[in-house]
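So the structure is just underneath, and the comments pick up after that.
Numbers restart at 1 for each chain; the letters A, B, ... are given by sequence-line order, proteins then strands.
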Amino acid sequence: MSGNQKQQTAITPTREENYAEWYQQVVRAGDLAENSPVRGCMVIKPWGYALWENVQRVLDGMFKATGHRNAYFPLFIPLSFLEKEAAHVDGFAKECAVVTHHRLKAGPDGKLIPDGELDEPLIVRPTSETIIGATFAKWVQSYRDLPLLINQWANVVRWEMRTRLFLRTAEFLWQEGHTAHATQEEAVDETMKMLRVYADFAENWMAMPVIQGRKTDSERFPGAVDTYCIEAMMQDRKALQAGTSHFLGQNFAKASEIQFLDADGQQKFAWTTSWGVSTRLIGAMIMTHSDDDGLMVPPRLAPTHVVILPVMHKPETAQQVLDYCRKLAEDLRAQHFAGRAIEVEVDARDLRGGDKMWQWVKKGVPLRIEVGPRDIEQGAVFMARRDRGAKDKQAMPRDQFVQGCAALLQEIQDGMFARAAAFREQHTRRIDTKAEFEAFFTPKRAGDENQPAEIHGGFALAHFCGDAAVEAEVKDRLGVTIRCIPLDAPEEQGTCVITGRPSSRRVVWGKSY
RNA sequence: CGGGGUGUAGCUCAGCUUGGCUAGAGCGCUUGCUUCGGGAGCAAGAGGCCGCAGGUUCGAAUCCUGUCACCCCGACCA
């Protein structure tokens with residue numbers, strides 16, 4: 001062992017030491033993504049993209065099962081489309097990438113300069129309500145054309161000032177559902193149905209507990225009547241909005257003239273919804289589950305469930321070990337978990353064992369199996385779980401492992417959810433006084449006041465009088481916002497934690513991403 | 001767009017204040033030996049127009065001017 005102190009964790013700094021930097025290092029160590037030459041845009045690497053593909057696969061199945069069909073709309077949107085809905089313009093105008101030319105020509109110094117100015121500039125979609133609305137207007141003529149249930153998988157661009165891999169990038173991948181309905185009731189039902197789909201996905205696939213709720217007016221999607229969301233608590237106790245579902249009323253239908261002739265012979269505007277989740281979910285997954293040894297992938301979304309590490313440093317047994325591992329992989333692949341064959345990788349790369357093992361730890365693969373000559377003699381495997389310590393390994397009979405693998409994966413999945421739920425529970429507090437509320441969100445500076453804001457706070461369940469000015473003041477002063485008004489919040493008479501005015505329901509307050 | 005900062009090897013950086021041998025370190029990479037149910041040791045090696053363009057000078061990574069890019073702190077945000 002070297003003179004340097006042995007590294008205690010695979011990731012430095014730890015979450016406690018510097019949470020933001022820890023996050024960056026987990027992304028890097030997990031080989032998920034990296035920054036690109038284009039400011040604010042990321043390169044998603046194979047392991048990170050495989051996670052996204054699993055998110056896509058599962059969600060796409062859920063969308064299809066609820067009657068939606070995929071389609072694809074243009075990346076470019078005529079500038080005039082954005083102008084059609086006033087609130088929508090306000091919300092997005094400041095972060096639009098604009099295309100003004102369609103050609104390049106060589107300048108005098110050999111540099112390329114834009115040429116061929118467009119009559120009407122195009123914006124790169126920050127979201128597609130307007131272009132899809134214009135299309136729906138053509139598709140919808142009669143009540144028989146409704147409901148129209150469309151989803152698209154796409155990239156969008158929002159020219160953000162500050163970006164962080166997966167959490168906020170200038171370009172990101174997402175899905176956006178857009179639906180049109182004959183009645184308000186139907187559209188509201190759709191909005192809520194898709195919110196539940198997201199909550200189901202977050203909890204049962206990502207192992208991430210979420211609060212379903214409605215946004216206050218100030219946090220609402222530009223142009224929507226109501227915005228609903230799922231909010232999750234990250235390990236720094238900040239809230240992350242992981243998905244949104246909007247009831248758009250007739251706002252966009254009127255802006256885009258989505259009209260139909262109803263059964264009663266009346267010409268009516270449709271009622272529309274939109275809903276989306278993005279690659280931000282990968283960021284949510286990272287910050288919900290990872291530890292100071294790196295990523296921990298929920299088994300049901302893992303690109304690889306089991307990695308087999310052959311111990312082959314003795315040439316005379318190497319082939320035998322490799323054969324045993326390949327056969328083991330084959331037997332495992334015949335098993336099923338969460339609707340697909342168990343994914344197994346035999347890592348026979350010519351690397352030293354420790355390096356290899358730590359790479360997989362940092363990528364968060366749920367199960368690692370080490371197989372050497374000794375195990376083969378005993379018909380055993382040496383098994384390590386990602387949700388336990390990296391050195392915590394146990395020998396078990398090979399066949400028992402194969403038979404029990406799927407159950408073990410589900411056990412890990414359940415354990416991850418339980419751990420995240422307990423964490424959220426631990427940092428959620430019912431608060432009734434202004435003093436306690438402010439103390440909850442004011443970082444205690446232990447000793448060193450130069451220290452960046454340490455991890456503190458969480459979710460405060462407190463009454464709110466509904467005054468947007470109060471909400472703005474709290475945001476300004478404490479950096480705390482109302483994450484949502486929980487759908488399951490019971491009626492409860494109380495007084496606003498800030499103003500003392502009467503309130504009938506607690507809302508969720510927190511700092512957010 | 002306001003305030004601050006940085007550009008030197010694949011990565012993280014030292015060197016610059018006070019100009020001067022062949023531009024350095026750690027990690028990573030390649031090769032060999034020894035280790036190895038564990039992120040090992042020793043040795044050798046590859047890799048740089050010192051962001052770019054001018055200028056001052058016998059001589060510039062270092063000083064001057066310009067320029068470009070990026071980072072951090074604010075306002076905005078899935």
Just how far, in rounded Å, is [atom2] of [N] from [atom1] of [X]?
| X | N | atom1 | atom2 | result |
| --- | --- | --- | --- | --- |
| A:E219 | B:C76 | CD | P | 11 Å |
| A:E129 | B:A78 | CD | P | 12 Å |
| A:Q25 | B:C11 | CD | P | 14 Å |
| A:L309 | B:C36 | CG | P | 19 Å |
| A:D476 | B:G74 | CG | C1' | 12 Å |
| A:D293 | B:G39 | CG | C1' | 11 Å |
| A:M396 | B:G37 | CE | C1' | 18 Å |
| A:W52 | B:A78 | CH2 | C1' | 11 Å |

Applying a 4.0 Å non-hydrogen cut-off, can you work out what [X] is touching in the nucleic acid: base, sugar-phosphate, or nothing?
| X | value |
| --- | --- |
| A:T169 | base |
| A:T244 | nothing |
| A:L167 | base |
| A:K393 | base |

Can you give each donor-acceptor pair under 3.5 Å made by side-chain atoms of residues 303-310 of chain A, sequence neighbours left out, with the distance rounded to 0.1 Å?
unit_1 : atom_1 : unit_2 : atom_2 : d
A:H305 : ND1    : A:E343 : N      : 2.9
A:H305 : NE2    : A:P299 : O      : 3.1
A:H305 : NE2    : A:R340 : NH2    : 3.2

If you check every side-chain atom of [X], which of [options] has the closest atom?
| X | options | answer |
| --- | --- | --- |
| A:F172 | B:A78, B:G37, B:G39 | B:A78 |
| A:P373 | B:A78, B:G39, B:G37 | B:G37 |
| A:R28 | B:G39, B:A78, B:C11 | B:C11 |
| A:F382 | B:G37, B:A78, B:A40 | B:G37 |

Take atom [atom1] in [N] and the same atom in [M], then report the distance between them in whole Å.
| N | M | atom1 | answer |
| --- | --- | --- | --- |
| B:G26 | B:A44 | P | 12 Å |
| B:U31 | B:U67 | P | 48 Å |
| B:G4 | B:U8 | C1' | 22 Å |
| B:A9 | B:G74 | C1' | 36 Å |
| B:A25 | B:C72 | P | 30 Å |
| B:A46 | B:C64 | C1' | 37 Å |
| B:U56 | B:U62 | P | 15 Å |
| B:G7 | B:A61 | P | 15 Å |

Applying the Watson-Crick and G-U criteria (both distances under 3.5 angstrom) with [ ] for crossing and | for other-strand pairs, one obtains for RNA chain B (((((((..((((......[...)))).((((((.....)))))).....(((((..]....))))))))))))....
Output a table of nitrogen or oxygen pairs between the protein and nucleotides 68-73 of chain B separated by less than 3.5 Å.
unit_1 : atom_1 : unit_2 : atom_2 : d
B:C71  : OP2    : A:R39  : NH1    : 2.9
B:C73  : OP1    : A:R162 : NH2    : 3.2
B:C73  : OP2    : A:R162 : NE     : 3.3
B:C73  : OP2    : A:R162 : NH2    : 2.5

Task: Neighbour count >12 (heavy atoms, 6.0 Å) for atom CZ, A:R28 - done: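 No.
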Can you confirm whether [X] sits close enough to [Y] that some side-chain heavy atom of one is under 4.5 Å from a side-chain heavy atom of the other?
| X | Y | value |
| --- | --- | --- |
| A:L351 | A:Q359 | yes |
| A:Y72 | A:W153 | no |
| A:M194 | A:T273 | no |

Face-on cation placement of A:R300 at A:W205 ring, 6.0 Å and 45° thresholds: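 The answer is yes; both the distance and angle limits are met.
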Phosphate contact (B:G37 OP1 or OP2) by A:H313 side-chain N/O below 4.0 Å
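Checking A:H313 against B:G37: at least one side-chain N or O falls below 4.0 Å of OP1 or OP2.
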[Y] versus [X], side-chain donor and acceptor atoms under 3.5 Å:
| X | Y | value |
| --- | --- | --- |
| A:T169 | A:E171 | no |
| A:T227 | A:H246 | yes |
| A:D323 | A:Q319 | yes |

- Query: Taking the six-membered ring for Trp, is the centroid-to-centroid distance between A:F252 and A:H88 below 6.0 Å?
  - Reply: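 Distance test on ring centres: under 6.0 Å, yes.
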5′-ward residue of the pair A:G354/A:P222 relative to RNA chain B: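 Mapping each residue to its closest nucleotide by heavy atoms, the 5'-most match is A:G354.
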key: Nearest-nucleotide 5' precedence on RNA chain B, A:K314 against A:F221   =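 Result of the comparison: A:K314.
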- Message: Applying the ring-ring contact (aromatic ring centres under 6.0 Å, His included) criterion to A:W275, which one of A:F201, A:F221, A:F63 satisfies it?
- Response: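 Of the listed options, the one satisfying the test is A:F63.
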